[in-house]
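Okay, structure first, notes after.
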Amino acid sequence: MSDIKVVRVHADQRAETSVTTGTKAWELFRDDADVVAARVAGQLKDLAYELADGDEVEAVAIDSADGRDILRHSTAHVMAQAVQQIWPEARLGIGPPIENGFYYDFDVETPFVPEDLVKIESAMRKIIKENQRFERRVTTDADALTELKDEPYKIELIGLKGGAGAEGTEGASVEVGAGELTVYDNIGRSGEAKWSDLCRGPHLPTTKRIPAFKLMRSAAAYWRGDEKNKQLQRIYGTAWESKEALEAHLERIAEAEKRDHRKLGRDLDLFSFPDEIGSGLPVFHPKGGVIKREMEDYVRRRHIEEGFDYVGTPHISKEGTFHLSGHLPYYKDTMFPPMEFEGADYYLKAMNCPMHNLIYRSRGRSYRELPLRLFEFGHVYRYEKSGVIHGLTRVRGFAQDDSHSYVTEEQAPGEIKHLLDFVLGLLRDFGLDDFYLELSTRDDSKPDKFVGSEEQWTNATDVLRTACEESGLELVPDPGGAAFYGPKVSVQAKDAIGRTWQMSTIQYDFNQPQGFDLTYQAADGTRKQPVMIHSAKFGSIERFLGVLVEHYAGAFPPWLAPVQVQAIPVAEFAADYLHDVARQMKAQGLRVEVDDSDDRMQKKIRNAQLQKVPFMVIAGNDDIEAGAVSFRYRDGRQDNGVPVAEAIERVAAAVASREQV
RNA sequence: GCCGCCUUAGCUCAGUCGGUAGAGCGAGUCACUCGUAAUGACUAGGUCGUCAGUUCGAUUCUGACAGGCGGCUCCA
């Protein structure tokens, strides 16, 4: 038996070792129970991989990103085995790891119900206990087709192997890679194959290496993500390297639920969605109205400071406008059906740009006017499918903080940079400061979905890309995500618990100026066509408000808080004193309420706490005698005996600086 | 739009194996007047999402519709 040399790689260290031929990867890592796989020359391999001379081998720990993917993928296999154990007629779809978990799709007669998940979980626990071994087996297309004759979906995947189809089917690549075809057998104690699945791997060595998992929910999903295909039943689960990590994950979910803007919107009396009005059509209550107005006032002011002109346009228009803009042919299905009267079809507007174009076109324009920037809170209505409506983040009627910059082609790059700086600054003002950019381009395989020449698209995309790169932010490509009239940049912001939200968009449009025949007179006397740059800063006021509710978990910074100061008398005798303090605060434009109900003081504090009011101002005899008040903050911190004038100044300063307290 | 689940008081939720319902919080009234997260008592409040069907009788069973939730698809 001859020796071979392998290189063990660990972080920046490399160490050459001699091992005997036939040594398996696990033998290198036998003293580390956290290692679940090996990375050999960049490729993930099972621990049962037989080392070859010259291999560079790196341990993959279960708590690394790759390790978790492997764990989750293996857990998905165990789940599929459990499902087929209980429902032998269930046919297998795909079962990839996803962020924070995994899923597996099944074709079953009856959809799963929550009790089924309990049954499946206990069958999975049994399989895990049995400590079945995941064993890789190389096969051929022909053999696999015979072996999997009862698994039509797997057979379809084999047919796609290596082709464009497999890439286009999310998750399919974990089943069939571009290389050789492999099956994983789950081997029981006595060496018999308990279950097999077409799979690229790698997997954990054994089922017992699954430390903690939980099935989360079941839902339908179209086969290969295409709504023309049959819906399969998908079960989502999660798996972690330890019970503690699973627990922490479940806590993060619970934390996200606590922040859910739909729940907080009700608890804090901000907004509601009356059934009587219709799905996806929110109303703002007085407290939500305060936040919305503060947002709008601030954003309007900033736009004006940045050289925008505030305009106003109607909610409906005759159809011709939307033909000119090109929207009707492309987006008729997402507009509300027309109202017919006086012999014309009127549509609720789904976008503001056509109206702004008409303002531009209302008279002749000179190059001296450019960039011409029109801005408004335009209320648009979109017929979103019933299944996609979601709180304030996906609605059927909303206000866009929409602007259109009309510029010469030469001015376009500068204007885009200006817009990008502007929106990032705005988002920072609202407390979001972790961003990345996404560049949505046209899908070259679907030219009929996009208007304009290839050259125009290339030029527009390049202009946007350059501006993005100059921003220094991370740039993520989004092929095929563009609007029909041009490419777009969107700003993705991370919130307080790390979730990303699509916020602002900037779109380069060479198409509508042509449709509306927009022109300006250049310095040399010729007529030229301007370029139009669409930009929404929050996207939608409603949506951004929802995002802010979740970002702040309802505890808004004072400048946005519906009630900035809740004044609480220690007892009834102190109420007049606080009413007087409140009058002084209101005179400074602060939002103050005095709780003169006959609740006990402790109860009033609790109520203010639950309403997440930033400043509680409390007064009793001690304060009155000293001409002072006592602060209590949301975190329970106290600051007693603050002179009234200083207290007012403190609140006013926090509001003015837009800081959180 | 598709699949599944859900809809009982303002909110959160019990309950009725078919005989028209209950708690806590909230609201109102009264008493209490208290120094940093719930004072007590009483009262009001529901054609049990809507419309059909089955039934002597439906909040309960069936169906359709509406709305909500979780996904999928979509997201100018």
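In what follows, every heavy atom counts, from backbone to side chain, and hydrogens, waters and symmetry copies are set aside. Sequence lines set the chain letters: A, B, ... in the order given, protein chains first and strands last, and positions in each chain run from 1.
- No more than 12 heavy atoms of other residues, nucleotides or ligands lie within 6.0 Å of CD in A:Glu109, so this atom counts as exposed by the packing criterion.
- Spacing between atom CG of A:Asp595 and atom C1' of B:rU36 amounts to 14 Å, rounded to whole angstrom units.
- Taking 4.0 angstrom as the limit, A:Arg262 places a side-chain polar atom (N or O) nearer than this to OP1 or OP2 of B:rG70.
- Side-chain to base pairing of A:Glu572 with B:rU33: one donor and one acceptor N or O lie within less than 3.5 Å of each other.
- Judged by Watson-Crick or G-U wobble contacts below 3.5 Å, the nucleotide B:rU62 has B:rA52 as its partner.
- Backbone-only contact: A:Arg234 has heavy atoms under 4.0 Å from sugar-phosphate atoms and none from a base.
- The base of B:rG70 does not come close enough to the side chain of A:Ser218 for any donor and acceptor atom to sit less than 3.5 Å apart.
- In this structure, A:Arg217 reaches the sugar-phosphate backbone alone: every heavy-atom distance under 4.0 Å involves primed, P, OP1 or OP2 atoms, never a base.
- A cation-pi arrangement is present between A:Arg234 and A:Tyr103, with the terminal nitrogen or guanidinium carbon under 6.0 Å from the aromatic centre and inside a 45° cone about the axis.
- Within 4.0 Å (heavy atoms only), A:Phe273 reaches no atom of the nucleic acid at all.
- Among the atoms of the strands shown, base atoms are found under 4.0 Å from some heavy atom of A:Asp598.
- For A:Arg632, a side-chain nitrogen or oxygen approaches OP1 or OP2 of B:rA37 to under 4.0 Å.
- For B:rC11, its base never sits under 3.5 Å from the side chain of A:Arg266 at any donor and acceptor pair.
- Between the side chains of A:Lys385 and A:Thr334, not a single donor N or O lies within less than 3.5 Å of an accepting N or O.
- Nucleic acid contact class of A:Asp267 (heavy atoms, under 4.0 Å, all strands): none.
- With rounding to whole Å, A:Ile235 atom CD1 is found 15 Å from B:rG71 atom P.
- Taking atom CZ of residue A:Arg394 and atom P of nucleotide B:rU73, one finds them 12 Å apart after rounding to whole Å.
- For B:rA9 and B:rG45, the C1' atoms lie 6 Å apart once the distance is rounded to whole Å.
- The nucleotide B:rU43 finds its pairing partner in B:rA27, both defining distances of the Watson-Crick or G-U wobble pair being shorter than 3.5 Å.
- Both geometric conditions, a ring-centre gap below 5.5 Å and a plane tilt below 30°, are fulfilled for A:Tyr331 over the base of B:rA76.
- In terms of polar N and O atoms assigned as donor or acceptor, the side chain of A:Asn621 never comes within less than 3.5 Å of the base of B:rG35 in a complementary pairing.
- Atom C1' of nucleotide B:rU36 and atom CG of A:Asp623 are separated by 11 Å, given to the nearest angstrom.
- Residue contacts for A:Ala221: at a heavy-atom cut-off of 4.0 Å it reaches the sugar-phosphate backbone alone, with no base atom in range.
- Judged by distance alone with a 3.5 Å cut-off, a donor-acceptor contact links the side chain of A:Gln231 to the base of B:rC2.
- The side chain of A:Lys603 places an N or O atom within less than 4.0 Å of a non-bridging phosphate oxygen (OP1 or OP2) of B:rG26.
- A:Ala483 comes within contact range of the sugar-phosphate backbone alone, with a heavy-atom separation under 4.0 Å but no base atom that close.
- In this structure, A:Thr334 reaches the bases: a heavy-atom distance under 4.0 Å links it to at least one base atom across the strands shown.
- Atoms NE2 (A:His390) and P (B:rG70) sit 5 Å apart, rounded to a whole Å.
- Surrounding NZ of A:Lys494 are at most 12 heavy atoms belonging to other residues, nucleotides or ligands under 6.0 Å away.
- Taking atom P on both B:rC56 and B:rA64, the two are 24 Å apart, rounded to the nearest angstrom.
- Regarding contacts with the backbone of B:rA76, a side-chain N or O of A:Lys488 is found under 4.0 angstrom from either OP1 or OP2.
- Computed from coordinates, the A:Lys230 NZ to B:rU73 C1' distance equals 18 Å when rounded to whole Å.
- Following rounding to the nearest Å, A:Ile618 (CD1) and B:rG35 (P) show an atom-to-atom distance of 12 Å.
- The side chain of A:Ser386 sits closest to B:rG1 out of B:rG71, B:rG1, B:rU36.
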Q) Where do A:Gln400 and A:His379 land on the side chain to side chain donor-acceptor pair (under 3.5 Å) test, with the steps shown first? A) CA-CA 6 Å; A:Gln400 274 185 320; A:His379 288 84; over 6 Å; no

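- Side-chain contact, A:Glu415 with A:Ser405: a donor N or O sits under 3.5 Å from an acceptor N or O.
- Side-chain contact check for A:His285 and A:Ser272: at least one donor-acceptor pair (N or O, by modelled atom type) lies under 3.5 Å.
- Heavy atoms of A:Tyr236 sit under 4.0 angstrom from primed sugar atoms or phosphate atoms, though from no base atom.
- Using atom C1' as the reference point in both B:rC3 and B:rC74, the two lie 16 Å apart (nearest Å).
- The pairing partner recorded for B:rG4 is B:rC69, the criterion being a Watson-Crick or G-U wobble arrangement whose two distances lie under 3.5 angstrom.
- Under the side-chain hydrogen bond (donor to acceptor under 3.5 Å, both in side chains) criterion, the residue pairs touching residues 322-331 of chain A are A:Ser325-A:His327, with sequence neighbours excluded.
- Across B:rG26 and B:rU43, the matching C1' atoms stand 14 Å from one another, rounded to whole Å.
- The base of B:rG71 does not come close enough to the side chain of A:Tyr222 for any donor and acceptor atom to sit less than 3.5 Å apart.
- Between A:Asp635 and A:Arg637 there is a salt bridge, with a side-chain nitrogen of the basic residue lying less than 4.0 Å from a carboxylate oxygen of the acidic one.
- At whole-Å resolution of the value, CD1 in A:Ile98 and C1' in B:rG71 are 11 Å apart.
- Distance noted for atom C1' between B:rG28 and B:rC75: 46 Å (whole Å).
- Taking the C1' atoms as reference points, B:rU60 lies 7 Å from B:rU16, given to the whole Å.
- Comparing B:rA52 with B:rU59, their P atoms sit 12 Å apart, to the nearest whole Å.
- B:rU8 sits 15 Å from B:rG24 when the C1' atoms are compared, rounded to a whole Å.
- In this structure, B:rG22 forms a base pair with B:rC13, meeting either the Watson-Crick or the G-U wobble geometry with both donor-acceptor distances under 3.5 Å.
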